[in-house]
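First up is the structure itself, then whatever we jot down about it.
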Number of protein chains: 2
Amino acid sequence: MKFDDKVPIYYQIKNYLYHEMMTGTLGPGDKLPAVRQLAVDLTVNVNTVQRALGEMITEGTIESQRGKGNFVTMDTNRITQLKEQLVIEQLERVYNELHALNLTDEQILTSLQTYIERRGQQHD
Amino acid sequence: MKFDDKVPIYYQIKNYLYHEMMTGTLGPGDKLPAVRQLAVDLTVNVNTVQRALGEMITEGTIESQRGKGNFVTMDTNRITQLKEQLVIEQLERVYNELHALNLTDEQILTSLQTYIERRGQQHD
DNA sequence: TATAGTGTAATGGTAAAATATAACACTAGG
DNA sequence: CCTAGTGTTATATTTTACCATTACACTATA
């Protein structure tokens, strides 16, 4: 996994796991890879993984069972709620950034539209 | 100025100055505030300001004249080019993030649209 | 020439993130 | 009971960002 050195790795690990949960790769009740395995996969230290997991446990998005493993919460509401929150955060951020670059609401929308259109022609 | 502790301050200073340039507060050829003044304004250390400016000087967006001050480049092409780049970066980022959250192109667009609409009702 | 305003750079210190390493605690299965 | 797999915690070390402070280099001007 490639990391952006502008933001803490443990933070990016959280996002990585969020994505796994959102795309269904990790469903409710699913067991996460062992912390040591995650550390190897992400080429990162166990403590760093643990820090990310610790925050997610506190949040309630995953639940830890000592000796067994870490599991995605069975509370599907919490997951959909989390997704909503993550989407809003992204929208908020891009809106503020582009607004700060002096784009109008209209321009922000159309710029994203044309970006997606062009992207559709070139990629995937 | 409020800083997000998840990303380096010198990086946020760059963005701050970019915004000043984009909104025309700092036009081509304009003199930037003195580094010590910037440091005071942003409640930040001179070295931190200098680090941000250093990168912008390397990029060519501002030009330094020892003993005189720092100046926005006269090359207006570079500025518009920079704006394009910053916008694209933001679009790319939000697209990738929302795509990773399993939203379709359609959903990404409409979610931003409704976000802006709701925002228009509530804020400013 | 002296001085004030400017950019530039070096030193040393603090804090946070990440690392390597080791140890401890619990569970399941032979 | 023992062992392998798991989560948890602790210590020490390195790196990076940031800060405080000081000094140096250049420009303009009185």
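A note on names: the letters A, B, ... follow the listed sequences, proteins ahead of strands, and every chain is numbered from 1.
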> Do A/E89 and A/Q85 have side-chain N/O donor and acceptor atoms under 3.5 Å apart?
Replying inline: yes
> Angle, rounded to 10°, between the helical axes spanning five pairs at each terminus of the helix from C/dT1-D/dA30 to C/dG30-D/dC1?
Replying inline: 0°
> Quick one: the side chain of A/R36 and the base of D/dG5, do they pair up donor-acceptor inside 3.5 Å?
Replying inline: no
>> Does D/dC18 have OP1 or OP2 under 4.0 Å away from a side-chain N or O of B/N45?
In response: no
>> From OH of A/Y10 over to P of C/dT19, roughly how many Å is that when rounded to an integer?
In response: 13 Å
>> Using whole Å, what does the distance between atom P of nucleotide C/dG5 and atom CZ of B/F71 come to?
In response: 16 Å
>> In this structure, how many angstroms lie between the P atom of D/dT6 and the CD1 atom of A/I62, rounded?
In response: 15 Å
>> Could you measure the distance from the CD atom of A/E20 to the OH atom of A/Y16? Nearest 0.5 Å is fine.
In response: 4.0 Å
> Taking CD from A/Q50 and P from D/dT9, how many angstroms apart are they, rounded to a whole number?
Replying inline: 7 Å
>> Among D/dA17, C/dT8, D/dG7, which nucleotide has an atom closest to any side-chain atom of A/V35?
In response: D/dG7
>> Whether B/T48 contacts D/dA17 is assessed here as follows: a side-chain N or O lying under 4.0 Å from the phosphate OP1 or OP2. Is that the case?
In response: no
> Does A/S111 use its side chain to pair, donor to acceptor, with the backbone of A/I108 at less than 3.5 Å?
Replying inline: yes
> Between B/G69 and A/Y11, who's closer to the 5' end of DNA chain C by nearest nucleotide?
Replying inline: B/G69
> How close or far is atom P of C/dA4 from atom CD of B/Q37, stated in whole angstroms?
Replying inline: 18 Å
> Rounded to whole angstrom units, what separation is found between the NZ atom of A/K14 and the P atom of C/dA18?
Replying inline: 12 Å
> Does D/dA17 have OP1 or OP2 sitting under 4.0 Å from an N or O in the side chain of B/R51?
Replying inline: yes
> Of B/V46 and A/L32, whose nearest nucleotide on DNA chain D comes first from the 5' end?
Replying inline: A/L32
>> Could you tell me how far apart A/I9 (CD1) and D/dT15 (C1') are, to the nearest whole angstrom?
In response: 12 Å
>> Looking at A/E63 and A/K68, is there a salt bridge between them, counting it only when a charged N and a carboxylate O are closer than 4.0 Å?
In response: no
>> Just the rounded figure in Å: distance from P of D/dT27 to CD of B/E63.
In response: 16 Å
Any protein N or O atoms within reach of nucleotides 28-30 of chain C? Criterion: under 3.5 Å, listing atom names and distances.
{"from": "C/dA28", "atom 1": "OP1", "to": "A/K68", "atom 2": "NZ", "distance (Å)": "3.4"}

>> Between A/R93 and B/Q90, do the side chains contain a donor N or O and an acceptor N or O under 3.5 Å apart?
In response: yes
>> Determine whether a donor-acceptor pair (one donor, one acceptor, N or O, separation below 3.5 Å) exists between the side chain of A/N47 and the base of C/dA17.
In response: no
Pairs under 3.5 angstrom only: tabulate donor-acceptor contacts from the side chains of residues 24-37 of chain B to other protein residues two or more places apart or in another chain.
{"from": "B/T25", "atom 1": "OG1", "to": "B/T23", "atom 2": "OG1", "distance (Å)": "3.1"}
{"from": "B/D30", "atom 1": "OD2", "to": "B/G27", "atom 2": "N", "distance (Å)": "2.8"}
{"from": "B/Q37", "atom 1": "NE2", "to": "B/D41", "atom 2": "OD1", "distance (Å)": "2.9"}

